[in-house]
Amino acid sequence: MPELAELKLTADYVNFLSEGKVFSHITKNPEHKWKEVKFNDFTIRAESRGKELKLKLDPVGGEESRDLIMTMGMGGNFQWADKDTQIKHTHLFFHTPGNEHLAFVDIRRFGKWKWGNWNESRGPDPTTEYEDFRVNVIRNLGKVSFNKPIYEMLMDQRYFNGIGNYLRAEILYRIPGANPFLSAREFIVNHGDRLFELCKDIPLHVYEIGGGTIKDWENPFGGKSNISDFMKCYGNPDMLRLSDRGGRTFWYDPKWKLETVFV
DNA sequence: TGTTTATGCCGAC
DNA sequence: TCGGCCTAAACAC
């Protein structure tokens with residue numbers, strides 16, 4: 001479930017499933033490591049920020065609410081299930097007093113959760129905190145980490161919270177006059193305004209069309225998305241690709257082929 | 001049957 | 001900065 005648009009959809013879907021319901025307690029899949037979560041008799045409201053999800057658990061008794069901060073890893077998602085149709089790889093069960101539960105399902109177990117608030121080391125959300133997002137990048141342009149090429153920088157969650165592997169490819173592809181192998185600093189000095197816009201508009205657009213349906217991810221609300229019309233670069237056999245320093249595949253326009261000599 | 005690949009972090013060196 | 005954390009599907013042979 002992955003990048004900014006899908007996190008937003010996940011928040012919507014959790015809210016849709018949880019609307020008007022009171023949950024009795026939480027259990028964790030005992031076969032799996034990671035932390036227990038204890039909480040009783042509460043409602044749930046979800047919100048996303050970049051690639052994080054916040055579940056605000058509000059006790060019906062009137063005590064203080066607590067926030068469970070989650071990440072979805074490569075494929076985490078929420079589903080509604082009951083005792084008879086338990087879903088494989090469910091890690092957290094938010095039980096209702098009946099036999100039903102909200103299930104956090106994550107095949108690869110890369111998703112995580114903790115009590116608290118948004119991870120301070122992640123930057124502002126480019127869609128909901130646009131000005132903060134821009135300023136955070138611009139104010140830090142002098143830092144050494146902006147020496148690395150822009151195609152790697154877009155994966156840096158301190159500045160581009162919510163951008164991931166398919167979004168970076170689609171964003172850079174839509175600035176056709178700009179070399180994705182330029183240093184992040186030089187790229188932003190010359191094309192910053194367009195880049196910032198796209199970091200907001202592209203995820204919002206994908207959100208509108210129901211998320212990037214790749215591999216495990218499906219729009220929880222169902223329905224067909226036109227993601228194949230949107231996905232111009234990522235996964236396109238006509239594009240070039242390389243393995244970046246994080247071992248992730250970067251997809252790019254073949255016209256920049258010669259530029260990779262300097263990578 | 002074996003290898004590669006996948007929307008992402010994390011932490012040990 | 002590199003390997004580790006995980007499972008499953010798509011390929012390769």
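Order of the sequence lines fixes the chain letters, A, B, ..., with proteins taken first and strands second; residue numbering starts at 1 for each chain.
A:E52 has its CD atom 12 Å from the C1' atom of B:dG8, to the nearest Å. Atom-to-atom, CZ of A:R248 to P of B:dA6 comes out at 8 Å; the value is rounded to the nearest Å. To the nearest angstrom, P of C:dT7 lies 10 Å from CD1 of A:I107. Going from atom CZ of A:F250 over to atom C1' of B:dA6 covers 18 Å, rounded to whole Å. Separating the CZ atom of A:R241 from the C1' atom of B:dT5 is a distance of 10 Å, rounded to the nearest angstrom. For A:L4 and B:dC9, the CG to P distance is 11 Å, given to the nearest whole Å. Distance, A:K114 NZ to B:dC9 C1': 13 Å, rounded to whole Å. Note: CH2 (A:W34) to P (B:dG8) measures 17 Å, nearest angstrom.
Between A:Y234 and A:Y173, the gap from one ring centroid to the other reaches at least 6.0 Å. A:F146 has its ring centre less than 6.0 Å from the ring centre of A:Y159. For A:F39 and A:F94, the ring centers sit 6.0 Å or farther from each other.
When the P atom is compared between B:dC9 and C:dA8, the two are found 22 Å apart, to the nearest whole Å. Remark: the separation of the P atoms in C:dC6 and B:dT1 is 25 Å, to the nearest Å.
Distance alone, capped at 3.5 Å, places no donor-acceptor pair between the A:E47 side chain and the A:L53 backbone. A donor-acceptor pair under 3.5 Å is absent between the side-chain atoms of A:W113 and the main chain of A:L92, judged by distance alone.
In this pair, A:Y151 and A:F250 present their aromatic rings parallel. The plane angle is below 30°, not in the 30 to 60° band.
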Distances under 3.5 Å between nitrogen or oxygen atoms of protein and nucleotides 10-12 of chain B:
none

Considering only nitrogen or oxygen atoms on both sides, find all protein atoms under 3.5 Å from nucleotides 1-4 of chain C and state each distance.
residue	atom	partner	partner atom	Å
C:dT1	OP1	A:R245	NH1	3.2

Does the pair A:K54 and A:D67 meet the rule for a salt bridge (charged side-chain N to carboxylate O under 4.0 Å, His left out), with working shown? CA-CA 6 Å; A:K54 176 192 281 183; A:D67 294 337; 3.7 Å; yes

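Closest to the side chain of A:R108, out of C:dT7, B:dC9, C:dA8, is C:dT7.
In this model, the phosphate group of C:dA8 is approached by a side-chain N or O of A:K88 to a distance below 4.0 Å at OP1 or OP2. Proximity of A:T249 to the phosphate of B:dA6: a side-chain N or O atom is located under 4.0 Å from OP1 or OP2. For A:Q157, no side-chain nitrogen or oxygen approaches OP1 or OP2 of B:dG8 to under 4.0 Å. The shortest distance between the side-chain N/O atoms of A:H89 and the OP1/OP2 oxygens of C:dC6 is not below 4.0 Å.
Taking the ring axis of A:W34 as reference, the NZ or CZ atom of A:K112 stays within 45° of it and closer than 6.0 Å to the ring centre.
Side-chain contact between A:H101 and A:T96 is absent, with no heavy atoms from C-beta onward closer than 4.5 Å.
Taking Ile, Leu, Val, Met, Phe, Trp and Tyr as hydrophobic and joining them when side-chain heavy atoms fall under 4.5 Å apart, one finds A:I69 in a cluster with A:W118.
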